[in-house]
Amino acid sequence: MGLRLYNTLTRTKEPFQPIDADQVRMYVCGPTVYDFAHIGNARPVIVFDVLYRLLRHLYGDNHVTYVRNITDVDDKINERAARDYPALPLNEAIGKVTHETAAQYHKDVAALGCLPPTHEPRATEHIAGMRDIIERLVATGFAYVAEGHVLFSPAAMDSAGGMIPRYGALANRSLEEMIAGARVDVAPYKREATDFVLWKPSTEGEPGWPSPCGIAGLGRPGWHIECSAMSKHFLGETFDIHGGGIDLVFPHHENEVAQSCCAHGTARMANVFMHNGFLQVEGQKMSKSLGNFVTVDELLKDWPSEVVRFSMLKTHYRQPIDWTARAMEDSHVALRTFATWAKNPTRDVEPSAEFLEALADDLNTPRAIAELHRLVSTARQAATSLAERGPGARLALLTDADTLAAMQLTRSLQLIGIDIRAYDRDWFERRSTVNIEKIEPPKEKIEALITARNAARAAKNWAESDRIRDELAAMGIQLKDSKGADGQTVTTWEVKR
RNA sequence: GGCCUCGUGGCGGAAUGGUUACGCAGCGGACUGCAAAUCCGUGUAUUCCGGUUCGAUUCCGGACGAGGCCUCCA
């Protein structure tokens, strides 16, 4: 079955038809670099990483171009820079903020297991491209110059006709509605309340570049124009997929479409617009004032990245997601099960067909995850008889079909960016280094108690044996008795969860 | 105020005009000296009120509830 994607432009699920199957082109709006990435920022990064991986699987690794920008010119950045580095000249402070934030962002997304995009342009590298688009928009009457600003006119767009789409078509609202609903302070130089800024003048000390359209003095771009310029540069006037968070539908993507289509005389900027749903934290909107702002950096201190990623994918990308500690625990349990049963492929194995089909159905990751559990049941069917139940004995007993399922499990997880072996190692290290260092008493005492308990057990002194086990339990240590390969009793322990 | 999305079991979460996946938890069992771990089995749900239909959780209308956008935001 072919790939089907939900398109915000048409509000339906459509078969995906790339413009050029030899080179699928996708653009995702990246971060404005002024603060640590939070889990809300992480959602589109992870979701579109899964899509990127799926597209690479379907069309070939070298046949997908993925562009995700870094917006490093924005008034929020200026404010942050002035606040954090008051002693520095503004432009120098801005440079520090954008470089530090971008470096942190790269660290975070790499830790989350996301592939780097094919291109990751910075807005400041593409000012010339923005000026070109602005010049064209003014020349063709879609934009005008006023008091050193350049403004885009949605009204002009709507009277253009021809191929040019209606302004508001993406967000599904009319110009009249937007005028009626405008609560914005309307700047005096705007002809209409809905006009938006393409270029604005910079004062002394603010970041500035030579202005377009004969405007004297330095200026800087408005918010939306950078994506129009960068997508054009790397992907052309019309490309396949444009993604981002649902909050970007309006005004960001609507305005990008307006700028791009009017400047290029095209009907579409991208054929498919995809938007991920919003995220809440423990049932509440995430906000700095509520103090429930969860950064990726902090989250990764507490959890293996695979747990974060899996938690994100347990909910379909278009649904709202409630980010809870409980959900993280659940993901952890599921990954433990997968780690127990996944087998490293010893030959070429594809992810299971049902798994691929679920992903191809508009990235139905919950359905895909259900398939992972089915692979687990298949894999363990051979190992259900009691006699062969020793730890480690299970995988050896798998039949060919079960082994295939166990290998498909690994491959399927890999396709959504989860390296189950890396997770297993991370989990083990976190337990053995982080937790065990912290616990009292130290390891030696635990070992000594276990030895004493096993001596009591050998003597069938159950009262003493149970007393020691309870003593350890009170310390947070869980014992696990099992039989080794030679039939000898082996007692292992772990920190109680 | 305008526009939009969503409401499925104890929890998470798919799907569907006609026995409501899957996971977690719970319960029963196997195993175990007893536990833990593991395995087997299993109960429970479509917010409410109308309408269309042979049949609605699914389609339509309304109510209630949650969330989003309209202003920086993934």
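So you know, we letter chains A, B, ... as the sequences are listed, proteins then strands, and number each from 1.
Here the P atom of nucleotide B:rC3 and the CZ atom of A:Phe250 are 15 Å apart, to the nearest Å.
Residue contacts shown for A:Leu279 include a base, since a base heavy atom lies under 4.0 Å away. Among the atoms of the strands shown, base atoms are found under 4.0 Å from some heavy atom of A:Gly40. Within the nucleic acid shown, A:Thr337 has no heavy atom closer than 4.0 Å to any nucleic acid atom. Note on A:Arg457: a base of the nucleic acid sits closer than 4.0 angstrom, heavy atoms only.
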Sub-3.5 Å pairs of nitrogen or oxygen atoms, protein against nucleotides 10-16 of chain B:
residue, atom, partner, partner atom, Å
B:rG13, OP1, A:Thr315, OG1, 3.2
B:rA14, OP1, A:His316, N, 2.8
B:rA14, O3', A:Asn364, ND2, 3.2
B:rA15, OP1, A:Asn364, ND2, 3.2

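The side-chain tip of A:Arg173 points at the ring of A:Phe250 from less than 6.0 angstrom away and within 45° of straight on.
Under the stacking definition used here (centres under 5.5 Å, planes under 30°), the residue A:Phe278 qualifies as stacked on the base of B:rA74.
Taking every side-chain heavy atom of A:Lys76 into account, B:rC73 is the closest of B:rC73, B:rC34, B:rA36. With B:rC22, B:rC70, B:rG33 as the choices, the nucleotide that has an atom nearest any side-chain atom of A:Ala370 turns out to be B:rC22.
Residue-to-nucleotide contacts include a donor-acceptor pair under 3.5 Å from the side chain of A:Asp481 to the base of B:rC34.
Here the side chain of A:His106 pairs a donor or acceptor atom with the backbone of A:Ala102 at under 3.5 angstrom. Remark: the backbone N or O of A:Asp35 is not paired with any side-chain donor or acceptor of A:Arg80 at under 3.5 angstrom.
Residue A:Thr491 holds its OG1 atom at 4.0 Å from CG of A:Asn454, rounded to the nearest 0.5 Å.
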Each base of RNA chain B marked ( ) or [ ] if paired in-strand (Watson-Crick or G-U under 3.5 Å), | if paired to another strand and . if unpaired gives (((((((..(((.....[...))).(((((.......)))))....(((((..]....))))))))))))....
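Residues satisfying the ring-ring contact (aromatic ring centres under 6.0 Å, His included) criterion with A:His119, sequence neighbours excluded, are A:Phe234. The ring-ring contact (aromatic ring centres under 6.0 Å, His included) check on A:Phe355 picks up nothing, with sequence neighbours excluded. Residues that satisfy the salt bridge (charged side-chain N to carboxylate O under 4.0 Å, His left out) test with A:Arg68, not counting sequence neighbours, are A:Glu120. Every residue two or more places apart in sequence or in another chain that forms a salt bridge (charged side-chain N to carboxylate O under 4.0 Å, His left out) with A:Arg374 is listed here: A:Glu371.
Of the residues listed (A:His242, A:His253, A:His252), the one engaging A:His275 in a ring-ring contact (aromatic ring centres under 6.0 Å, His included) is A:His253, and it is the only one.
A sub-4.0 Å separation between OP1 or OP2 of B:rC39 and a side-chain N or O of A:Trp341 is present.
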